[in-house]
Amino acid sequence: MTAADASNTMKKIGAAIVPVTPFRQNCTLLWCTRTLRAAVIDPGGDLDRVRAAITETKIKVEKIWLTHGHIDHAGGAAELKDDLGVTIEGPHRADKFLLDRLPASGLKFGMHGVRVAAADRWLDDGDRVEIGDLAFDVLHCPGHSPGSVVFLNQDDRFAIVGDVLFRGSVGRTDIVGGDHAALMASIRNKLLPLGDDVAFICGHGPGSTIGRERTSNPFLR
Ligand SMILES: [Zn+2]
Ligand SMILES: [Zn+2]
């Protein structure tokens with residue numbers, strides 16, 4: 001392999017996970033390793049820890065991306081947006097009702113001062129979001145919530161799947177707006193066809209690959 005080939009295949013994505021909220025949600029800092037331009041995905045809360053991680057990684061946050069509207073993913077979005085002067089992209093508009101009720105959901109779980117969040121840009125299936133040199137395709141994957149989206153980077157075969165799919169499990173559908181049949185359709189029709197080599201970070205717990213889940217996830221048998 002020549003030097004040029006080697007540099008073409010070098011990973012362009014940097015990622016760091018900050019577990020936030022009582023739900024230990026995987027708030028993910030995602031950046032372009034060439035430009036250090038970054039997105040914070042699902043800043044559910046514990047923003048002091050998120051800010052510390054941003055400082056430590058020396059990234060330049062330009063966007064907040066939301067996979068869906070649940071409190072553990074979106075609870076800190078409005079405050080962080082104002083702090084950093086950035087825009088919020090996602091989720092799909094079908095989760096607006098969840099973003100509107102964030103303060104009430106927060107109180108239920110002892111999270112005070114949570115503000116209503118709103119997307120500056122609602123996302124739909126087939127949309128594209130960008131950060132630095134990186135482009136991510138948006139997949140609308142309803143079921144866990146009606147407006148859940150997945151972010152896919154084709155070049156690095158990498159995805160952020162929120163609470164749609166987990167290592168060894170799938171998203172719960174007993175929360176208002178959940179729909180198990182729709183969730184399974186999203187996983188079978190949108191995620192599994194991406195290919196076994198696609199690695200992902202999910203909303204809770206360790207990440208995995210599509211192949212590992214296709215062959216070993218008991219919910220996909
Ligand atoms: Zn959720
Ligand atoms: Zn969650």
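The figures here come from the full heavy-atom set of this structure, side chains too, leaving out hydrogens, waters and symmetry mates. Just follow the structure's listing: the first ligand is 1, and inside any ligand the first atom is 1.
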Peer 1: Has Arg37 got more than 12 heavy atoms of other residues, nucleotides or ligands less than 6.0 Å from its CZ?
Peer 2: no

Peer 1: In terms of hydrophobic clustering (I, L, V, M, F, W, Y; side-chain heavy atoms under 4.5 Å; direct or indirect links), are Leu47 and Val86 co-clustered?
Peer 2: yes

Peer 1: Please name the atom of Asp163, restricted to N, O or S, that is closest to the Zn ion (ligand 1).
Peer 2: OD2

Peer 1: Taking the N/O/S atoms of His204 one by one, which is nearest to the Zn ion (ligand 2)?
Peer 2: NE2

Peer 1: Distance check below 2.8 Å: does Asp72 bring an N, O or S atom to the Zn ion (ligand 1)?
Peer 2: no

Peer 1: Would you name the N/O/S atom of His70 that lies closest to the Zn ion (ligand 1)?
Peer 2: ND1

Peer 1: Report yes or no: does Asn26 contribute a side-chain atom to a donor-acceptor pair with the main-chain N or O of Val18 at less than 3.5 Å?
Peer 2: no

Peer 1: Going through the distances and angles, do Glu79 and Arg51 end up as a salt bridge (Lys or Arg N to Asp or Glu O under 4.0 Å)?
Peer 2: CA-CA 12 Å; Glu79 185 182 337; Arg51 290 186 196 99; 3.3 Å; yes

Peer 1: To 10°, measure the NE2(His68)-the Zn ion (ligand 1)-NE2(His144) angle for me.
Peer 2: 100°

Peer 1: Are His73 and Asp42 linked by a side-chain donor-acceptor pair shorter than 3.5 Å?
Peer 2: yes

